[in-house]
Amino acid sequence: MSLPAVLARIEQACQRAGRDPRGVRLVVVTKEHPVAEIEEKVLRYGPFPLGESRIQEALPKLEALQAEWHFIGPLQRNKAKFAVRFELIHSIDSLRLAEAVARKAREAGKVQRVLLEVNLGREPQKHGFLEEELGEALARIRALEGLSVEGLMTVPPYSEDPEAARPLFARLAHLADRYQLPERSMGMSGDFEVAVEEGATLVRVGRAVFEPE
Ligand SMILES: *Cc1c(COP(=O)(O)O)cnc(C)c1O
């Protein structure tokens, strides 16, 4: 596809769901793509938020490109001081990680915006809180100075069929409502349209932007 094609599909999904397209932001996932390609395929269309999933790969890109950077991948506690350079961290998956990020945010004199990752598919190899852990974790993390918890994020189990993720996206939207969190980060290249229909406010799309059909 291309970035304009992805935007058009987001808009169509909004129409089907009776949603205002301004309520959905496209986060372009730029991992494995060099700065020149990001400029050519993304930033020529406007100042889109950019997502990276590995600190080491991301840091030189943050230096090179002025953008609203989001961190979307698994984060180790010893990298918290780098993570607070990002505008939004989507992947807070433990209380200890939240505490480490909060400490580094306070040291940097900022309030770090974060999302909590939820492992809705209950996959042992995946990161994120289990649903039943979320209420207590949220209460503790919301009490930390230096963090602002703005929403939830999920990565559903891999499937060829985008419809397989629909119930989990609906579940994430329901949980976000229950805990009065405005942001729902869900949907990737294979299933972003379903995610938008189910209430995504942030979709994280890489391949569909960078790869020709
Ligand atoms: C890579 C990645 C994406 C984007 O995946 P695509 O299939 O390339 O759209 C989204 N979210 C996370 C957490 C990722 O690591």
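Counting starts at 1 for both ligands and their atoms, in listed order.
- Atom 11 (N) of ligand 1 has its closest protein heavy atom at Arg204 NE, 2.9 Å.
- Side-chain contact of Gln112 with Ser148: a donor-acceptor pair under 3.5 Å is absent, judged by distance alone.
- At the shortest separation from atom 8 (O) of ligand 1 among protein heavy atoms lies Arg207 N, 2.8 Å.
- Heavy-atom proximity to Lys31, at under 4.0 Å, picks out these atoms of ligand 1: 1 (C), 2 (C), 3 (C), 14 (C), 15 (O).
- Comment: Arg184 does not engage Glu150 in a salt bridge, judged by the lack of any side-chain N to carboxylate O separation of less than 4.0 angstrom.
- Closest to atom 5 (O) of ligand 1 by heavy atom, among Glu52, Met153, Met188, is Met188.
- Both the backbone and the side chain of Ile72 come within 4.0 Å of ligand 1, judged by heavy-atom distances.
- In the model, Arg204 has a side-chain atom that pairs as donor or acceptor with a side-chain atom of Ser185 under 3.5 Å.
- Remark: among candidates Ser189, Ser91, Gly51, the nearest residue to atom 9 (O) of ligand 1 is Ser189, based on non-hydrogen atoms.
- Ligand-side atoms of ligand 1 in range of Val205: 9 (O), range being under 4.0 angstrom from any heavy atom.
- Using modelled atom types and a 3.5 Å distance limit, the side chains of Ser91 and Glu117 yield no donor-acceptor pair.
- Between Glu132 and Arg122, at least one side-chain nitrogen of the basic residue sits less than 4.0 Å from a carboxylate oxygen of the acidic one, meeting the salt-bridge criterion.
- Two rings, from His70 and Phe86, have their centers 6.0 Å or more apart.
- Neither the backbone nor the side chain of His90 comes within contact range of ligand 1; no heavy atom lies under 4.0 Å.
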